[in-house]
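Written below as structure tokens is the structure these notes are about.
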Amino acid sequence: MAPPLLDHLNPQQLEAVTLPHGSALVLAGAGSGKTRVLTTRIAWLLATGQASVLSVLAVTFTNKAAREMLTRLSALTPLSVRGMWIGTFHGLCNRMLRAHHRDADLPPLFGILDTADQLALIKRLYKAHGLDDDRFPPRQLASFIASAKEAGLRPSAVEAGDEFARRQVEHYALYEAMCRREGVVDFAELLLRSYELLAGNEPIRGHYQRRYSHLLVDEFQDTNLLQYRWLRLLAGPKATVFAVGDDDQSIYAFRGANAANMQHFERDFGGAEHPVRLIKLEQNYRSHGHILDAANALIRHNRSRLGKELWTSEGAGEPVRAFAAPSDLDEAAFVVDAIKGIADEGVPLSEIALLYRSNAQSRVLEHALFGAGLPYRVYGGMRFFERAEVKNALAYLRLVAEPGDDGALLRVVNFPPRGIGARSLEQLQDAARGRGTTLWQAACSGAVGGKAGANLAAFVASVERMRADAASLPLPEAVEHVIAAAGLKAHYAAEKDGDDRVENLEELVNAAQSFVREAEYAADAPMLPGSAAPDAEPAGGGAGGGVSDPLAAFLAHAALEAGETQAAEGRPALQLMTVHSAKGLEFHTVFVTGLEEGLFPHENSLNERDGTEEERRLMYVALTRARRRLYLTHAQSRMLHGQTRWHIASRFFDEIPRELVSWLSPPRRRYGAIDVDRSEWGGLESPAPERPASTPRGPEWRVGQSVRHAKFGVGVIVGAEGRGSDARVQVNFRESGVKWLALEYARLEPVSS
DNA sequence: AAATGTGGAATTTTT
DNA sequence: TTCCACATTT
């Protein structure tokens, strides 16, 4: 073992890295060196001969995390890490299913549906079966299917209590049949199919169980039930699992993440000889003391926790700064002002983040930043492989690889326009349905006559030609050729605003280029000998690699790695993003904006089970992004859905000890802090309000007024909308929280305060 | 087939 | 308000 490997590890990190045989759960707090421990652990296992490159499997959630792990690991070990199974759950499952497609009952070149493809498929399904999409919204079916699959349930196994559920299960079964017919799988299917492959095929399961002596899992709190069960299957009797996670940063329950997996880990992965070891990484290398104290105090309000407290050997640092703005516009103005000051201190703009709970909130901030001439970058939005022109090109490529893909055919059969309109498609679909074939087969069969038939035949012939031409070309050239032969390039070049699209198509060729480069890079990795499954495991790096057909591999890559939302710009820019997307990142200065009841915590979360705790964890994530300076802001009034709404300050302010916080605006009163009257804002240089406050009509009620309700008790009016008999007020009750009440029915009494 | 209009909904997101 | 999906029009 090379001694430098273990240098500079703190005692807990060192313990985790060098744990003897047995499974371990590492509770790694924010900024505690989680990735470092994970990668050093692998390097340590390799260096001490406890594991070989082939016997390690490391799994993450995002491609980004997988790449980072690979990069950092390469720096820690002299061994070649290519051929090592490091990737996302979906990437690894894809790899496994490609290698064993026959046993998994999949076509060799099966396609992967992204969310949009899946939705399109469901809509086609509805149309084909004459199903009612008002009563069964496609999106709802998609999420029904996803949850069923995440619970490991095929249609026959789903229990349907009522008629509605029964119908959904029927639709689920039809959906499965359609996917099978078209040779495609959705994201959840990758997981479930891989799970079933391992569960139902002893030789393959035995092979992988013998192969992997060490399984390492990143962001373990984000695993869903199926991923957990997949891990359990993959971990043979002698394997050890090294799971790293932070229950306090579990913020993806809404998409199936099950932090309870951390609690079950001890039971499921511990043996009598080797009980599960629990290690806490609590030393934080990121933030100054006051920031950590605030985060610790906040998260202590959660009941369901494994328990952990961050500390730092650095100083206390600056206090947390808080600001109450009269309106969202004032909040934005304050942020802009503060940023100018911070930038003057020499902090690079890229080191300043503006965080918010929901994307809609970026607008006001952007507007203010734009007005001030401050460069910024907004995260989220359209990803590269999701762009229409890119998806069109991919659809052609998909047809070249697998013409049975009806979704791909429908997408481009008349794009660019070639005289195959809705009527022709109707005929084609009827023909396919009548014969029980794919659209492609129907088009080939000449079932559609006349002009439409001729146009279809021409389309078929041109795709056939693309396939023949592409067969003799290296992947990037093949991609380039298909884009040109399909007429996409010419089509977009002729469009008046098509420059960006042409550029993206060229970028797609580049993407194929670098994909091939990485695959070649991986090709010299040691490969298992033999060609018979289950030992035939094509090598390949990256999430989508590992397939003998480069085109299919590239298409899988495109589906599994949607790409960056925005190419990074040249000049440094402020970072605007939701708190969710900030997870894992850190900044010198962080602004957490929109800290209002109803927004953060979000009103929808109040009805969700454990919703408030999840919101609090989200807030915890937000706070722990800051290294040196943290601003918390809220606005008393805010334009939301086209209406001005009033909100009281988030409860999260109350959960951070006062002595840590320095208010830059007049301190709030505990309740009734809604100052519509701006005279109280004397010391503040806030601009004059641009929107008048629209309090309900009548002299009796105004925002800020204290009221009593027969059932809910005493509260304060914090918002209002409508007038006359429609007038509703939003009241924050001391006991029962924020509620909307119709003035006509709720008999409110004024209370003098 | 593009252009225009209408209604409804409007956390959070990766694969 | 603003965005989207969908329907209708030209």
Side-chain angles (χ1 to χ4, degrees), chain A residues 59-66 87-94 112-120 123 133-134 137-139 142-143 146 149-150 185-192 194 218-219 222-224 226-227 250-257 328 355-364 367 379-381 383 385-386 414-424 495-496 543-544 556-565 577-584 594 598-608 611 614-615 617-619 621-622 638-645 691:
Chain A
V59 60
T60 63
F61 276 85
T62 64
N63 292 298
K64 196 174 160 203
T88 63
F89 280 101
H90 293 85
L92 297 179
C93 288
N94 172 53
I112 300 172
L113 301 175
D114 68 17
T115 315
D117 300 330
Q118 185 192 24
L119 209 61
K123 286 178 182 168
D133 57 353
D134 281 330
R139 279 175 194 286
S143 77
K149 289 185 178 179
E150 276 167 22
V185 299
D186 62 34
F187 287 134
E189 185 70 23
L190 286 172
L191 262 305
L192 181 54
S194 171
D218 191 19
E219 304 280 18
D222 288 340
T223 48
N224 66 32
L226 185 54
Q227 289 160 338
S250 166
I251 57 174
Y252 286 114
F254 71 91
R255 66 176 198 215
D328 48 352
L355 308 185
Y356 35 80
R357 176 66 178 81
S358 62
N359 292 111
Q361 291 165 246
S362 74
R363 188 163 240 97
V364 178
H367 185 78
Y379 282 74
R383 310 281 226 64
F385 286 110
E386 292 167 355
N414 197 36
F415 192 92
R418 47 172 75 86
I420 304 174
R423 300 176 53 85
S424 313
E495 236 178 28
K496 53 181 179 296
H557 167 78
L560 291 175
E561 156 102 77
E564 289 286 310
T565 46
M577 66 191 86
T578 63
V579 180
H580 279 94
S581 21
K583 192 178 154 205
L599 252 168
F600 199 0
H602 197 278
E603 51 196 352
N604 294 1
S605 72
L606 303 177
N607 313 316
E608 289 162 9
E614 174 121 334
E615 294 289 303
R617 289 192 292 269
L618 195 53
M619 179 68 177
V621 167
R638 176 179 300 275
M639 195 58 121
L640 219 57
H641 310 327
Q643 280 180 321
T644 304
R645 300 229 321 204
R691 293 196 222 107

Whole-Å gap separating C1' (B:dT11) and CD (A:Glu615): 8 Å

Under 4.0 angstrom between A:Arg255 side-chain N/O and B:dT15 OP1 or OP2: no

Nucleotide nearest A:Thr578 when distance is taken to its side chain, options B:dT12, B:dT15, C:dC3: B:dT12

Phosphate OP1/OP2 of B:dA10: any A:Asn604 side-chain N/O under 4.0 Å: no

Any strand: nucleotide that pairs with B:dG8 via Watson-Crick or wobble, under 3.5 Å: C:dC3

Over all atoms of both residues, closest heavy-atom pair of A:Asp218 and A:Ala65: OD2-CB, 4.2 Å

Aro-ring/base stack A:Phe254-B:dT12, d under 5.5 Å, angle under 30°: yes

B:dT4: syn or anti, per glycosidic angle within 90° of 0: anti

Interatomic spacing from NE2 in A:His90 to OG1 in A:Thr62 - rounded to 0.5 Å: 12.0 Å

Atom C1', compared across C:dA5 and B:dT12: separation rounded to whole Å: 22 Å

ring centroid sep under 5.5 Å plus plane angle under 30, A:His641 with B:dA9: no

Residues A:Arg383, A:Asp114: salt bridge by 4.0 Å N-O rule: no

Separation of atom CG in A:Leu599 from atom P in B:dT11, rounded to whole Å: 10 Å

Interatomic distance, A:Met577 CE vs B:dT14 P [rounded to whole Å]: 12 Å

A:Arg383 vs B:dT13: side-chain N/O to OP1/OP2 distance below 4.0 Å: no

Sugar-phosphate, base or nothing in reach of A:Asn224, heavy atoms under 4.0 Å: nothing

Side-chain donor/acceptor contact of A:Thr115 with base of B:dT15 under 3.5 Å: yes

A:Asn63, nearest nucleotide to its side chain (from B:dT12, B:dT15, C:dC3): B:dT15

Gap between atoms CG and P, on A:Asp222 and B:dT13 respectively (whole Å): 14 Å

Spacing between A:Arg357 atom CZ and B:dT11 atom P, to the nearest angstrom: 9 Å

Touch class at under 4.0 angstrom, heavy-atom based, for A:Arg617 against every strand present: nothing

Per A:Thr88 side chain, nearest of listed nucleotides C:dT2, B:dT13, B:dT15: B:dT15

Distance below 4.0 Å between A:Asn359 side-chain N/O and B:dT13 OP1 or OP2: yes

A:Lys123 side-chain N/O to C:dC6 phosphate OP1/OP2 under 4.0 Å: yes

B:dT12 phosphate, OP1 or OP2, under 4.0 Å from A:Ser581 side-chain N/O: no

From B:dT13, B:dT15, B:dT11, nucleotide with atom closest to A:Ser605 side chain: B:dT11

Sugar-phosphate only, base, or nothing, as touched by A:Tyr252 at under 4.0 Å among non-hydrogen atoms: sugar-phosphate

Touch class at under 4.0 angstrom, heavy-atom based, for A:Gln227 against every strand present: nothing

Sugar-phosphate, base or nothing in reach of A:Asp186, heavy atoms under 4.0 Å: nothing

DNA chain B: 5'-proximal contact among A:Phe187 and A:Asn414 (nearest heavy atom): A:Asn414

Whole-angstrom distance between B:dT11 and C:dC6, as gauged at atom C1': 24 Å

Residue met sooner reading DNA chain B from 5', once A:Ala360 and A:Glu386 are mapped to nucleotides: A:Ala360

Residue of the set A:Ile112, A:Asn94, A:Leu113 for which side-chain contact (heavy atoms from CB on, under 4.5 Å) holds with A:Phe187: A:Ile112

Aromatic ring pairing A:His557/A:Phe385, orientation class (parallel under 30°, perpendicular over 60°, tilted between): perpendicular

Separation of the C1' atoms in B:dT14 and C:dC3, to the nearest angstrom: 23 Å

Under 3.5 Å: donor-acceptor pair, side chain of A:Asn63, backbone of A:Leu560: yes

Value in whole Å for how far the C1' atom of B:dA1 lies from CD of A:Glu495: 13 Å

Sole candidate of A:Val364, A:Leu599, A:Thr644 that passes side-chain contact (heavy atoms from CB on, under 4.5 Å) when paired with A:Arg638: A:Leu599

Length of the CE-C1' vector between A:Met619 and B:dT12, whole Å: 16 Å

Interatomic distance, A:Arg139 CZ vs B:dA9 P [rounded to whole Å]: 13 Å

G-U wobble or Watson-Crick pairing nucleotide for C:dT9 (cut-off 3.5 Å, both distances): B:dA2

Between A:Ser605 and A:Glu608, a side-chain donor and acceptor under 3.5 Å: no

